[in-house]
Amino acid sequence: MAHHQGFLSRLSKQERDTYETKVAAADFYRANRVPEEIERALNELFLRKPPDVHGFLADHFANLSAPPRIIRLNGRQVYDSRGQPSVEVDVFCIVRNKERGLPSPGVQVTSAGVSGLLGPEELADHVTTAVQWIDEPLNNMLQGQSPFDQSEVDRALSSFFRARSLEQDEIRNREKENLSPGASEVVPPPVTPASAKDKKSKKSKAAEKPIPPAEPPEPVLAGSLAIGSVSLAVAATGAQLRGVPLYRYIAALRGREAPAKFHIPVSLVTLLSCGKASPGKLSLLEEILLVPKAGQRVKQTITMTLELQKEMIRIMNSATKAGVTPAALHDSGAPAVSFEKPEQPLDLVGEACANLGLALGTDIHLAANCAARELMDYTKGKYEVTAGVFKSPDELMDVYKTLVGKYTAVVALIDPFRREDREQWEMLGNLIGGSCSLLSDVTQESRGPPLPGVRGHVLKHVHETTVSDLIRVASEHRGSVLMGTTYSEPCINDSLSDIAVGLGLDYVKLGGLSGAERMTKYNRLISIEEELVQQGILVSKEKHSPPLFGETL
């Protein structure tokens, strides 16, 4: 020690500072094992003698770098093709000591996306609040989190949402308590069907069954869109940082590692729109979906659908006395037809298939999205299947039984009743379940028990639904989950295609074949399929004979 002190005393201040800096640097390098890693890198470099020497060294040390961490989120309001507000999220991470911003896809929300519960002002507030959540509490909450720890990120997001929901419930309860007795909320009593025609019926009123009252709608929490948006943005960020497609990343999240083989979900393409928003009196069938053969390439499905739609339009136009009339295009991206009876669109599809040499029931099947909840007239206690024509739940069940019996190519009915009509769900499932599946939305699970008679499940990525939620529900209903957006809602990005492939779903519903937002998703599905073919890891199911879905759950 004395010798060392004597050595330092003989040095000038500048020399002493230089010496102490070198000693500190050596200690720093040893503490971080830099000499050992450099020696290992040089040894491997010499043994391998790669053509890109510095590229080899860069990769070597990149693998030793600290894992990325989220440092901030940035939310912003954007607009979709219809001018409706939406949200996009940017996730910024520290990657090798540098800030890296990764713009991620937004989750589309329109009035359709919140089940028509929000008006324009409420929708604007919904999106504005979501952006505020992203920029403030969610930003602070996720700082320092690994973008690769999706389950932990989603747990934090879901906990935040539950806390805000409880706060909102408390506010509503206090408001109810402050209401005067005369101003309290009125819950409509069960409605007993009655009409002039019913009075003439031989059945007495005593024999008529009152319909169950509507379940109170789940309140839409302003800002809830932020939860699903951030969850998807973090997953997309993790995929980009890993350098893998989003579908592979989600598949790895689902099964701890990406599978060796993938399959492409069968595309259920919106063929016709003929519900309440379409011209004509028919309200019952909101959309007719084309179900192609299993194993058919996405391009083939699109080509076949376009040819079929072209032929249907030709048939409709040739039937008009005024000559050629251009078919209206619905928000779903499919032609909107004017019909009065539910048999007519199915007859049109059958005629077009016959003209094109397509075997309906073999080359293609059909599914019908009934959207029955929107058809209930609570003043009459019946479903308005066509303008001025009302059916009780039992009568509507007979309509479905007749349709499926006559049109055997129809192999799935989506939401044929309200959730409240549990008896009819079960009875219809027993009547037609051997050839036609009943499908119900399970995105936001009802507080009640599962619906009887349901064979398949519709899953949507909306609101507070996280990527982990999608993985969980897809695992619980393996092989019987339909991935889709709401009927008339375009999606602003192509992530749904990656999600459907990554989750290993059998079917995916992406809408009609018109509009950039929808075609972006179909084109992404084509791109994934071609990539899997090139890599030799695409597998396809040989058939999906009716019923399309597994055993009743």
Side-chain angles (χ1 to χ4, degrees), residues 18-74 89-105 142-153 232-262 467 494-495 497-499 501-502 524 526-539:
T18 301
Y19 175 80
E20 290 176 351
T21 300
K22 290 180 179 179
V23 171
D27 291 341
F28 174 79
Y29 295 147
R30 282 192 295 269
N32 289 280
R33 300 180 58 82
V34 174
E36 292 91 334
E37 290 301 336
I38 290 178
E39 183 178 5
R40 181 180 294 109
L42 294 176
N43 289 337
E44 291 185 9
L45 176 66
F46 178 74
L47 290 174
R48 299 189 183 186
K49 296 181 176 63
D52 184 357
V53 171
H54 295 96
F56 176 86
L57 292 174
D59 289 340
H60 177 89
F61 288 106
N63 292 330
L64 300 175
S65 61
R69 293 287 168 182
I70 297 173
I71 57 169
R72 62 188 175 94
L73 306 175
N74 179 49
V89 183
D90 291 335
V91 179
F92 292 85
C93 296
I94 284 291
V95 183
R96 299 170 200 162
N97 300 315
K98 292 183 179 180
E99 181 179 298
R100 185 174 174 187
L102 299 170
S104 302
L142 295 185
Q143 282 183 5
Q145 282 277 9
S146 168
F148 302 131
D149 196 348
Q150 188 72 38
S151 59
E152 185 61 33
V153 167
L232 179 57
V234 170
T237 298
Q240 292 181 56
L241 291 173
R242 293 285 194 207
V244 298
L246 181 58
Y247 71 87
R248 283 182 175 271
Y249 189 78
I250 290 177
L253 291 175
R254 177 172 60 95
R256 298 187 180 274
E257 61 181 25
K261 301 284 187 178
F262 288 84
V467 172
D494 60 7
S495 58
S497 300
D498 282 81
I499 292 172
V501 176
R524 176 57 185 157
I526 292 172
S527 176
I528 295 173
E529 184 176 59
E530 291 177 346
E531 179 181 317
L532 296 176
V533 170
Q534 291 172 358
Q535 296 175 2
I537 57 174
L538 175 67
V539 295

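Numbers for residues simply follow the sequence, beginning at 1.
One distance of note links CD1 of I526 with CD of E531; it measures 14.0 Å at 0.5 Å rounding. Note: R72 CZ to E99 CD = 4.5 Å, rounded to the nearest 0.5 Å. Between atom CZ of residue F61 and atom CD1 of residue I38 there is a gap of 5.5 Å, rounded to the nearest 0.5 Å. Taking CD1 of I94 as the start and OG of S65 as the end, the distance is 12.0 Å to the nearest 0.5 Å. To the nearest 0.5 Å, atom CD1 of residue I499 and atom CG of residue L246 are 6.5 Å apart. Annotation: the span from C93 atom SG to L73 atom CG amounts to 9.0 Å, rounded to 0.5 Å.
Listed by chain and residue number, K299 satisfy the salt bridge (charged side-chain N to carboxylate O under 4.0 Å, His left out) test with E530 (two or more places apart in sequence, or in another chain). When the salt bridge (charged side-chain N to carboxylate O under 4.0 Å, His left out) test is applied to R33, no partner is found at least two apart in sequence or on another chain. Qualifying side-chain contact (heavy atoms from CB on, under 4.5 Å) partners for A26, counting only residues two or more places apart in sequence or in other chains: R30. For F148, there are no ring pair (Phe, Tyr, Trp, His ring centres under 6.0 Å) partners two or more places apart in sequence or in a different chain. For Y247, the ring pair (Phe, Tyr, Trp, His ring centres under 6.0 Å) partners at least two apart in sequence or on another chain are F262.
Contact between R254 and G502 at its shortest, heavy atoms only, is NE-O, 3.0 Å. The two residues V91 and V234 have their closest heavy-atom pair at CG2-N, 4.3 Å. Taking every heavy atom of both residues into account, P50 and F56 meet most closely at CG-CB, 3.6 Å. The two residues Q143 and I71 come nearest to each other via the heavy atoms CG-O, 3.2 Å. Summarising the geometry of L57 relative to A41, their closest heavy-atom pair is CD2-CB, 4.0 Å, with the distance given to 0.1 Å. Minimum heavy-atom separation, T237 to P147: CG2-CB, 4.3 Å.
At most 12 non-hydrogen atoms from other residues, nucleotides or ligands lie less than 6.0 angstrom from OH of Y29. In D27, the CG atom is crowded: over 12 heavy atoms of neighbouring residues, nucleotides or ligands sit closer than 6.0 Å.
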Could you please spell out the steps behind the side chain to side chain contact (heavy atoms under 4.5 Å, CB included) verdict for I528 and D498? CA-CA 8 Å; I528 295 173; D498 282 81; 3.9 Å; yes
Could you give me the CA-CA distance, side-chain angles and deciding distance for K261 and Q535, then say whether side chain to side chain contact (heavy atoms under 4.5 Å, CB included) is met? CA-CA 10 Å; K261 301 284 187 178; Q535 296 175 2; over 6 Å; no
I would like to know whether E37 and H60 meet side chain to side chain contact (heavy atoms under 4.5 Å, CB included); could you show each step before the answer? CA-CA 9 Å; E37 290 301 336; H60 177 89; 3.7 Å; yes
Evaluate side chain to side chain contact (heavy atoms under 4.5 Å, CB included) for N74 paired with F92, printing each intermediate quantity in order. CA-CA 8 Å; N74 179 49; F92 292 85; 3.8 Å; yes
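Counting only residues at least two apart or on different chains, no salt bridge (Lys or Arg N to Asp or Glu O under 4.0 Å) pair has a member in residues 44-70.
In this structure, the side chains of P245 and R524 come closer than 4.5 Å at one or more pairs of heavy atoms.
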